[in-house]
Each structure stands twice: as structure tokens, then as C-alpha cells.
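Within every chain, numbering begins at 1; the chains are lettered A, B, ... in the order of the sequence lines, protein sequences first and strands thereafter. This is a predicted model, so every value here is computed, not measured.
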Protein chains: 2
Amino acid sequence: MNDTSRRSGKIPTIRDVAELASVAPATVSNVLTGRRPVAEERRKRVLAAVAQLGYRPNHLAASLRRQETRTIGIVIPDLTNPFFAALVHRIEELAAESDYQILLMSSNEDVEQEAHRVQVMLARQTDGLIISPARDDISAFAHSAADLPPTVLVDRGFGLAGFDTIAADNFDAAKRGCQHLLDLGHVDIVLVVSDTSLANISDRIAGYRDALSEAGLAHKARVIVGGFTVDGCRGTIEQELRRADRPTAIFSAAYIATLGAIKAIRALDLEFPGNVSLLSFDDSDWMTALRPYVSAVAQPVDELAAESWRLLKQRLTGTGGELARVRLPCSLHVRESTRPPSTAQRKRRLEATT
Amino acid sequence: MNDTSRRSGKIPTIRDVAELASVAPATVSNVLTGRRPVAEERRKRVLAAVAQLGYRPNHLAASLRRQETRTIGIVIPDLTNPFFAALVHRIEELAAESDYQILLMSSNEDVEQEAHRVQVMLARQTDGLIISPARDDISAFAHSAADLPPTVLVDRGFGLAGFDTIAADNFDAAKRGCQHLLDLGHVDIVLVVSDTSLANISDRIAGYRDALSEAGLAHKARVIVGGFTVDGCRGTIEQELRRADRPTAIFSAAYIATLGAIKAIRALDLEFPGNVSLLSFDDSDWMTALRPYVSAVAQPVDELAAESWRLLKQRLTGTGGELARVRLPCSLHVRESTRPPSTAQRKRRLEATT
DNA sequence: ATGAAAGCGCTAACAG
DNA sequence: CTGTTAGCGCTTTCAT
């Protein structure tokens, strides 16, 4: 059918269509975009010409003219983290429904890469940005929100001036997680974090401390830092578990910390929850596969994605009101890796302390 | 410093810079792109003007003019699958090094969504495409390779005419996996697949059958189909495990099948490798966390990504030669979930068969 | 309802 | 080495 175009070799433009249909280029545009009405007869001629030539509108040219690309940029720290993968997946899905596309970049938790990537996004005229900043700070890539197109900060950078920001309620989630362990009778609970400089993490630390305080156990708080790698976390946790007064429960405050914790426990030939209870911040499909099922605090990924997109789209269409700050609740899934401390555990602690 | 631009309200263009620096727009372009030399003094004036105005080149306009977007489109079936997430992550990283950006879309294993997304990519003038097709067939989105910009097919659609194609050596990997189980002494090995219509999967089935044949056990081949969901796979596998003559080993030929298999085994209160050995096609970080560590065939994700990008870039720069068909070897990680059949297992089979 | 003309912001081609 | 000119392909005035 469109052999003609194929043979001609050149990609047809709107002018080619216009000539073939004996109408003005503007008319072709109006038929294809539906922005203005076109007489039925001419409409058909245009459509026929489009089909015959195999014409495809050049979105690039339209973007330049309209000053709108229908592209949004997403910058996240790490796509291999299932949390971010799921977040991006869902945002892409929603954006596509509104005919927006995604330009994706990973900062690899690196401020400089992040800065560079955001600059590229700006040069590319993305209509909006969804960013999960490497640090809770935009100074790496912009002076202020005014330097950027409509931008939503998700998961990190909560509350920064000038942005719609959205994140899980890390404080509350960590507090409830810790309370769960306290309810079970644990008193020596160590919190393992990746990096204390992120607000998310300090919120989790604060939630953990708050729960302890309310139980009158503020002095029992113990936070250890494992870094951004599984092996780093594992090493730190192994040290912790080697202490005579080792904790009876570990609360791993990040995905990699959970993997590190499990590996550390296994490396020392310990069992969980037998020798130590384990609670994970961040849930994953495998946590309900191998035994023991891992008790976990789950972030509402789909809702975070939906809300991010909703807010951004509002800004893009100018229907947004006040800047939003949204905290979404996490859910606690009590499974098998958390249980009351055994008498052996209690005894061990007692001996170590006296 | 660039308060001037801030106050003016309007985004500066190359002409504004040119005027301020008293040079021609083309000169500004030449300074910024480095495509042609510019006298040192004028250079400095231009750079100063750029800084003062806070000018950013509009990549869109440049793309339109140059007929090159430095954007590549990636279409994959599902970003929540760790394999694809890792693939995309790595490709993005490599592309960024060459100053290419990624337009990302998921087809959600759906041919129609895929078709639509590819059309969008084409309209957006992506310089190249990396696609992992929902079916091993491009007919959903193009008549032939000639309809598309330079395109690499990765993981799926291996060998399709007109494309550089690249995939793991699924046949060999499955064969070696099955041989490993045979070497252990297993004779009743069931293969669980998601969907037989994908070439990847039939290759794995063929590899499995081939290994059995070489061992003179062709008649023992048993392949069950669980579909694209974890629960579907689990259900199918549960049924299989309820049979009196249940297998002594399960080879799960896809990530979700592995999750399904583990859940099925647990649901029936069986143990692995005690009651049944388990070998996974596709590796994941958690498989070396919880016990027993899961023996797995690992696809060379990073190499697949690197090779995909290398091939695409060659095409983009016109340095590509013959169309390439690359098979990359998988690696077999023997861990704890596979072991020789116990005497109890042998006995059970014997009783069921007689 | 339609067409002509004027750009969106940039760069390649061509003079000088 | 530098400036001028002419578009890339589309959409939007502004007439008619």
C-alpha cells in the first residue's frame, strides 16, 4: 500500500501530504491533531494521503513549535533497587495513559552524575521532572525550584521549598516497626542503616528512637551504619553479632541492609528468629518465599508513583494549587522472622551484662 | 550572577547570547559545540555572555536541525523483572557515557501496548531502538526492519531478519543445568516454564530435552506450564508435587517460576533439597541470602547490556558491519538447593511406579 | 472552514 | 576565522 513512500526513500513530511491531498499543510495538521474542524471531504483526502505515503508526524518539530515535549524526566538513584524499579514502572504506565513519555536516568547515588543528568533533562526541554535526589538537597543541580520546570521530589528531598514533595512516612513506619519488636518483648534492638545523611534514614532512626523512648528505653538505642553495599552492611552486622552482648533483634532500615543482615546471621551460623529476630524496612517478593518469611515494613510504592504523577500532571496542566507535601503510610507485615526473645537469648544477654 | 536572565523572565536563546557577545549566532554554536574553531578572544566573550544570561542550548531545536536526537528508545516487557531492570540500568549507564539518552517504555508483555509504544518512539525520532519484544516477532509493530531506525533485539526475537540480535545461550544453559541434575543422580526432573510460545523458553525446553536424551532418558521429559504469574506457577507446581510419582528435582525455567516453585514446596510442607531439588533459571541477590542457597543458572545481564549497546552504537555511527547474532553463555552456580536424590526419594518413586 | 506566512531555536552551507 | 542565509517540520496567527 505505501510502496510509494517506501520507494521514494525520503521520509514524507506534512507538506508532502498536503500536496498530495491538495490542501494546505495547516489543514493536514488540523485533521491529525483535531484542534480545528475540517470539512469531511477534505478530511478523507488527507487521511488517504497520509495512508498512501505512510506519513508519521515528526513529534520533534511539533514540540519545538508548541514549546511542549510531552516528555517527563525521571532521575532516580538506582534502578537495580526494586523499589525504584517498581516506582519507575508504575509512573511510566500512568504517564503513557496521558500520552507522556519518560526520559530515564540513574544518578547512581552520585551527586555529580545527578547534576549532569538534570542539566541534560533541562536541555531536552522536558515538561516536568520527577526526581529522587541523591542527597536531600537540590543544590547539586539547581539554585532553587525556579531553575527547573515543574518538579516533584519523591522518596527523598521531602519538604524542600518550592517543590511538591512526596514520601513514605518513614518516621511512623520505623516507629511502628520498632514497637512491634518491643511488643514482642525485645529490649536490645539494633537498627542497621545504610547512610545517616539521608533524611529518610534519619526519620527512620528518629522513629526507632521515639518508640524506644516511649517504652522508657531511650538509653538502649543503638544505630549502626553499613553503607550502600550489601557486603558493607554484612560486615558491620557480623561485628555486632559477635559481641557478647549482641542484640536480640535487628531492624534493618533499608533493602541492602536486610540482605546484609541475613548474610551476616548465616555467616556466623546463627538462626533467625531463633538467635535473633529480624525486621526488614522494605518488602520484596522473595520475603514470602524462602523460610522463614521475613517480617517487613512495606512502602506504598504504587501509591507513591500514582501520587507523584498526579501532582506533576496537575502542575503541567496548571490545575495544581498549593505546593503539596504528601506522606503516605507504610504497612507492617508481621511474618516469621520476628518472635519474642527466647529464654536462651535473655540469659545470654544477662550474662554478658553482668 | 545571572540575575539578569532571571529578571528578564524569558529563556535566553542563542541569538540573545550572540547579541550580548556581539557575534553571530553561528559563532556561539561553534563555541559551544566545538565543531569549528573560534578565535580565543571571541570565545571568551561568548562564554561570558552564556554565563551572564544563564543560557542553555535547546537540544530540541538542535535535534530538529541536525536530524539526530541522541535518544534511543528501549522497550522491554516488564521493568519489575530484575533481569530487565538490570539490563536497562546498564544500558542507560553506557549510553550516557556516549551522551545518548534513554526513552523508556514497558510493553507489559502486551503486543498492542508494544505496538503503540514503538510508534511513539518512531514519531519521536529516536536514533535507535533496543527492544525485547513481547513475542519473538516484530509483526506487531513493523512490517520489516526497514520500517525502523537501527534496532537491536535483545533477549527475545533472536535471529529475526534484518536486526542485530543478541541473547543468552538458553539452550546450552538449560542443557548444562539439566546435566547438573542428572550428574547428581536425578532421573525424574520436571521443567517448569512460564509460557511455551517464547523462543527463549522453547530453547530452554530443548536444552533440557537434549540433556535427557543424551542420558538415554528422553522418555522422562516432563514440562509443565505455569504462566506469567507467580501464583499461576505455584498452583501448577503444587499439583505436580501432589502426585504420587512426583519428581525428585524441579528445574524452574524463569524467575517467576522459581518463586512459584519455592512457594509451592513450602505450601505442601516439603523441604528442598530434602524432598525435592530445585534449580533456578535466573539468578538473584536473595538466592545467596536465605538458606538453602538456591542453585541457579545466571544470565550474563551486564554483558547482554554491553553488547546491545555496542552493536547499536556501531549502527548509529555507521561502523557496523554484517548484522550480528550474538549468543552469550550463562553461568551455572551450584549452591545448596540441588543435591543427589535421597534414598527416601528413590524409594517413594519406586513405590509410586510399581 | 481554509490558506499564506511567520516563526519555534538551532546549525549547515556558503560566502567572504 | 566569521557572518549571512536558509531551512529542519511543524503549528499558529491572521487574513480571507
Closest nucleotide of DNA chain D for Q67(B) versus for R36(B): which of these residues is on the 5' side? R36(B)
Specify the residue among L64(B) and A24(B) whose closest nucleotide of DNA chain D lies further upstream toward the 5′ end. A24(B)
Nearest-Å distance, [atom1] ([X]) to [atom2] ([N])?
| X | N | atom1 | atom2 | result |
| --- | --- | --- | --- | --- |
| Y55(B) | dG9(C) | OH | P | 10 Å |
| E68(B) | dC10(C) | CD | P | 16 Å |
| R15(B) | dT11(C) | CZ | C1' | 13 Å |
| N30(B) | dC14(C) | CG | P | 16 Å |
| L60(A) | dC10(C) | CG | C1' | 11 Å |
| D16(B) | dC8(C) | CG | P | 11 Å |
| R65(A) | dA5(C) | CZ | P | 16 Å |

Would you classify [X] as touching base, sugar-phosphate or nothing, given that sugar-phosphate means primed atoms plus P, OP1 and OP2, and contacts are heavy atoms under 4.0 Å?
| X | result |
| --- | --- |
| R35(A) | sugar-phosphate |
| A26(B) | base |
| S63(A) | nothing |

Among [options], which one satisfies side chain to side chain contact (heavy atoms under 4.5 Å, CB included) with [X]?
| X | options | value |
| --- | --- | --- |
| F141(A) | I131(A), L129(A), V111(A) | I131(A) |
| E92(A) | I102(A), I72(A), I74(A) | I102(A) |
| I166(B) | E307(B), R310(B), R327(B) | E307(B) |

L94(B)/E97(B) under side-chain contact (heavy atoms from CB on, under 4.5 Å): CA gap, chis, key distance, verdict: CA-CA 5 Å; L94(B) 292 169; E97(B) 284 173 15; 4.2 Å; yes
How far does the helix from dA1(C)-dT16(D) to dG16(C)-dC1(D) bend, going by the axes of its first and last five pairs, to the nearest 10°? 40°
Using modelled atom types and a 3.5 Å cut-off, is there a donor and acceptor pairing between side-chain atoms of N200(A) and backbone atoms of D155(A)? yes
Nearest-0.5 Å distance, CD1 of residue I14(B) to OG1 of residue T27(B): 9.0 Å
Hey, are E19(A) and R15(A) close enough for a salt bridge, meaning a charged N less than 4.0 Å from a carboxylate O? no
Identify whether the distance between the nearest side-chain nitrogen and carboxylate oxygen of R117(B) and E114(B) falls below 4.0 Å. no
Just to confirm, is there a sub-4.0 Å distance from OP1 or OP2 of dT11(C) to any side-chain nitrogen or oxygen of S29(B)? yes
Is there a side-chain contact between T27(A) and the phosphate of dG3(C), meaning an N or O under 4.0 Å from OP1 or OP2? yes
Do S106(A) and N108(A) have a side chain donor and acceptor closer than 3.5 Å? no
Please tell me whether D127(A) and T69(A) have a donor and an acceptor in their side chains that are separated by less than 3.5 angstrom. yes
Ranking dC14(C), dT11(C), dG9(C) by distance to the side chain of R66(B), first place goes to dT11(C)
For a 4.0 angstrom threshold against heavy atoms of chain A, report the outermost contacting nucleotides of DNA chain D in 5' to 3' order. dG9(D) to dC14(D)
